[in-house]
Amino acid sequence: PQVIENEDGTKTVIRFHLNDLGQKVKVSQHIKIKKVITSVNSAVAARKLWKKFGQDKNKPPGPDIQTTTVGENIVLNLSAGDKPAKAAEAAPEAEEAQAAKPTTATIKCRYCKGAHFSAKCPYKSQLASDAGVGPDGADARGGSPAPGPDPTPGKFVPPHLRRGGPDSMSIPPPNSFRDRDDEGTVRVTNLPPNAEENELGYIFQQYGSVARVHIVRDRETNQPRGFAFITYNEPRSAEKAVKALNRYGYKNVLIHVEHSRK
Amino acid sequence: MRPIMLKGHSRPLTQIKYNREGDLLFSVGKDGIVGVWYSHNGERLGTYDGQMPTALWTVDPHPESNIALSGGADNEVHVWKVNGGELIHRFQFETTVKQARFSPDGKQLFAIIEQRMGCIGQTVVFDVPEDLESFSDEPRFLLEFDPKERAKVTTAGWGYDPETGIVLILAHDDGWVTKVDSNDGSIIESLQIHDKPGTITDIQFSTDHTYFITSSKDKTAKLLDVKTLNVLKTYRGEAGINTAAITPVKDFVVLGGGQEARDVTTTSNRQGNFESRFYHKIFEDPIGRVTGHFGPINTLAVHPDGTQFASGSEDGYIRVHNFDKPYFDFLYDVEREAIAASKH
């Protein structure tokens with residue numbers, strides 16, 4: 001290996017080797033050696049020289065990979081009044097402020113993932129959402145606020161008593177069971193990870209009313225797995241979609257659309 | 001900051017402690033292993049192998065760091081030389097040793113013995129000989145509490161009251177705290193700190209031992225003054241708190257524990273969700289958290305220089321974190337104003 005002493009005190013070490021494919025690889029390392037002298041309590045310095053004992057007897061100086069490793073970078077963000085992640089613990093005012101603001105940004109229909117309220121969806125016309133009043137159905141956890149009486153955050157409120165009418169999760173979207181038998185569903189593969197339900201819904205609803213957009217996600221990490229199922233109300237829409245959208249260029253990638261198989 | 005992960009234990013950690021200068025970190029766990037580590041790089045100096053491989057509950061280095069003690073389910077407290085791991089003395093008891101610590105002046109040590117069928121729990125205090133070798137099995141004093149009056153002692157620590165001198169603070173299973181004179185074992189004061197059932201899980205002191213923090217299963221940690229036993233501050237957590245520590249230099253406290261029951265099924269434990277939570281010591285607000293552990297945090301310790309902290313968890317790992325610049329720069333607005341005002 002060639003070692004070059006640079007003018008500014010650094011060293012450059014150049015090595016060549018052949019990699020697995022038989023290609024010649026040049027590795028050039030710039031090394032700067034910095035000696036830092038710190039003052040340490042003499043007792044501490046003495047202890048640094050103690051001999052290793054027990055299970056580490058006769059081991060060489062320096063950390064042993066078996067027992068000591070460096071973890072991933074973690075950021076400790078300090079801020080006054082750091083509230084826990086779950087909204088349930090936030091003060092009622094904070095929760096309302098929080099619920100009011102993003103409500104308009106993240107309205108999502110549970111049936112077709114369109115940007116409108118769920119109430120008995122199918123394919124509610126998308127532009128009607130802004131005039132809506134009351135919380136959307138996209139509340140995942142923690143229970144929606146109760147009507148009138150003080151909503152203790154985190155307290156369970158039965159669906160029929162929540163603000164927003166009988167938005168209970170137990171009512172299945174109309175036609176969904178039938179659809180699954182009638183082959184109105186297409187499978188979309190090669191989806192980029194940043195694909196969103198709203199966007200897919202928008203693209204696919206050009207070929208017919210979409211009953212359901214389901215991007216399949218990893219159960220624990222919630223990351224998209226790269227494919228999705230779009231369910232139409234009419235099987236014919238599915239046909240049209242397959243013909244038109246297969247190998248459609250979406251976000252720099254060609255998505256594949258085919259009939260979903262049982 | 002990049003935490004250094006210490007993987008010396010195959011079972012949950014039960015206690016970790018820094019020595020007085022902070023260059024060494026001692027650890028014990030349910031696997032019966034005692035680890036001694038250099039805190040600046042995580043290199044392990046050695047393991048004390050003299051105790052039976054049963055769960056060890058407590059470890060404490062002597063202020064001079066030449067000797068250390070460890071105790072646990074083998075019903076013994078071992079005192080051993082840190083340089084070389086040689087046994088110096090074995091104290092034997094009737095049942096499990098739950099906690100044992102050297103006094104800050106290094107002249108005494110206490111051991112808390114568990115309560116079992118047929119044995120009332122005991123608090124035993126021994127003198128530490130000047131030569132740190134010729135230990136005597138004769139206790140200086142021994143305390144027992146009638147279980148009908150006061151629940152057993154779960155943990156304890158040494159405090160300092162400028163008038164009385166060094167005192168022993170005992171923490172009970174029912175949330176009570178008892179202050180005891182270190183010379184003769186006489187009870188100075190006793191009062192309820194945590195709400196029933198309020199088992200006190202940990203007790204740690206400020207650098208000068210004049211105030212301390214208790215953590216409890218009642219989801220709170222409280223800051224108390226040794227002299228008066230007044231509750232100065234209360235920090236609220238989401239779930240039972242297993243351990244708490246006071247940070248030197250910055251006015252913070254750190255709490256460690258498990259998860260709220262409702263979170264257990266909804267969060268994935270692949271993600272290292274268990275966290276140490278930082279609170280402002282004076283304003284009692286939660287100010288930050290450090291995640292990374294895959295199991296509840298059982299023990300926390302802060303480097304005496306306030307530059308680093310370590311957490312030991314049910315997952316068998318110890319994570320050592322060096323604070324970075326933003327940690328030291330963090331101030332509340334009122335603190336900033338106070339500092340600016342005092343400069344004029």
Side-chain angles (χ1 to χ4, degrees), chain A residues 36 38-91 140-143 153-156 217-223, chain B residues 1-8 19 21-24 33-38 41-50 64-65 81-86 238 252 260 262-263 266 268 270-272 277-278 280 283 285-292 317 319 321 323-324 326-327 329-330 332-333:
Chain A
V36 176
T38 49
S39 296
V40 159
N41 182 314
S42 57
V44 172
R47 290 196 279 270
K48 255 320 245 155
L49 300 173
W50 281 359
K51 283 216 272 288
K52 295 201 177 183
F53 62 96
Q55 289 177 31
D56 296 291
K57 199 159 180 178
N58 299 325
K59 285 214 184 120
D64 181 353
I65 278 286
Q66 299 295 326
T67 54
T68 309
T69 49
V70 179
E72 281 176 6
N73 195 25
I74 293 181
V75 185
L76 169 57
N77 278 320
L78 294 178
S79 65
D82 162 272
K83 291 284 181 264
K86 300 290 177 290
E89 281 239 0
R141 304 174 209 200
K155 189 155 189 264
F156 176 69
R217 294 172 182 275
D218 179 299
R219 195 154 49 94
E220 292 190 31
T221 66
N222 228 37
Q223 287 296 103
Chain B
M1 52 194 172
R2 305 195 75 129
I4 306 175
M5 302 193 340
L6 310 183
K7 300 189 279 185
N19 64 344
E21 285 77 38
D23 59 311
L24 296 177
I33 292 183
V34 186
V36 186
W37 315 74
Y38 287 113
N41 67 349
E43 181 182 347
R44 194 166 68 180
L45 170 57
T47 58
Y48 171 65
D49 300 330
E64 320 250 312
S65 298
K81 268 206 200 136
V82 182
N83 188 2
E86 185 195 322
E238 295 171 47
F252 304 147
E260 255 200 315
R262 105 165 83 133
D263 290 338
T266 55
S268 163
R270 270 204 266 139
Q271 294 165 9
R277 301 195 61 199
F278 283 77
H280 196 282
F283 298 113
D285 293 331
I287 53 175
R289 50 186 76 207
V290 175
T291 48
Y317 283 80
R319 292 167 75 91
H321 314 77
F323 295 123
D324 45 20
Y327 168 88
D329 290 342
F330 178 77
Y332 270 53
D333 289 337

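Protein chains get the first letters and strands the later ones, always in sequence-line order, with residue 1 at the start of each. Values below: all heavy atoms of this structure, side chains included; hydrogens, waters and symmetry mates excluded.
- When each of B:Val36, B:Val34, B:Ile33 is tested with B:Thr47 by the rule side chain to side chain contact (heavy atoms under 4.5 Å, CB included), just one qualifies, namely B:Ile33.
- With a 4.5 Å cut-off on non-hydrogen atoms, A:Lys57 does not touch chain B at all.
- The choice from A:Ala43, A:Gly54, A:Pro61, A:Pro63 that makes the most heavy-atom pairs within less than 4.5 Å of chain B is A:Pro63.
- Between chain A and the options B:Glu64, B:His321, B:Met5, the largest number of non-hydrogen pairs under 4.5 Å is found for B:Met5.
- When each of B:Gly35, B:Gly22, B:Gly84, B:Pro326 is checked for heavy-atom pairs under 4.5 Å with chain A, B:Gly84 comes out on top.
- For B:Glu43 and A:Lys48, the salt-bridge test passes: some basic side-chain N is under 4.0 Å from an acidic carboxylate O.
- Of the listed residues (B:His280, B:Glu21, B:Arg319, B:Arg44), the one with the most heavy-atom contacts under 4.5 Å to chain A is B:Arg44.
- In this structure, chain A has a heavy atom under 4.5 Å from the side chain of B:Asp49, while its backbone stays farther away.
- If you measure heavy-atom distances from B:Glu86 to chain A, you find no contacts under 4.5 Å at all.
- Contact tally against chain B (heavy-atom pairs below 4.5 Å) for A:Val70, A:Val75, A:Asp64, A:Val44: the top residue is A:Val44.
- If you measure heavy-atom distances from B:Phe252 to chain A, the contacts under 4.5 Å come from the side chain alone.
- Of the two parts of A:Asn41, only the side chain, counted from C-beta on, holds a non-hydrogen atom closer than 4.5 Å to a non-hydrogen atom of chain B.
- Contact detail for A:Leu76 and B:Tyr327: the closest heavy-atom pair is CD2-CD1, 4.1 Å.
- With a threshold of 4.5 angstrom between heavy atoms, B:Phe330 approaches chain A through side-chain atoms but not through N, CA, C or O.
- Side-chain atoms of B:Leu45 and A:Arg47, non-hydrogen and from C-beta on, never get closer than 4.5 Å to each other.
- Around the CZ atom of B:Phe278, the shell of radius 6.0 Å holds more than 12 heavy atoms that belong to other residues, nucleotides or ligands.
- With a 4.5 Å cut-off on non-hydrogen atoms, A:Glu72 touches chain B through its backbone but not through its side chain.
- Proximity of a side-chain donor or acceptor of B:Ser65 to a complementary backbone N or O of B:Asn19 within less than 3.5 Å is not detected.
- Annotation for B:Pro3 and A:Ile74: closest pair CG-CD1, 4.0 Å, computed over non-hydrogen atoms.
- What you find for B:Trp37 and A:Thr68 is that their closest heavy atoms are CZ3-OG1, 4.1 Å.
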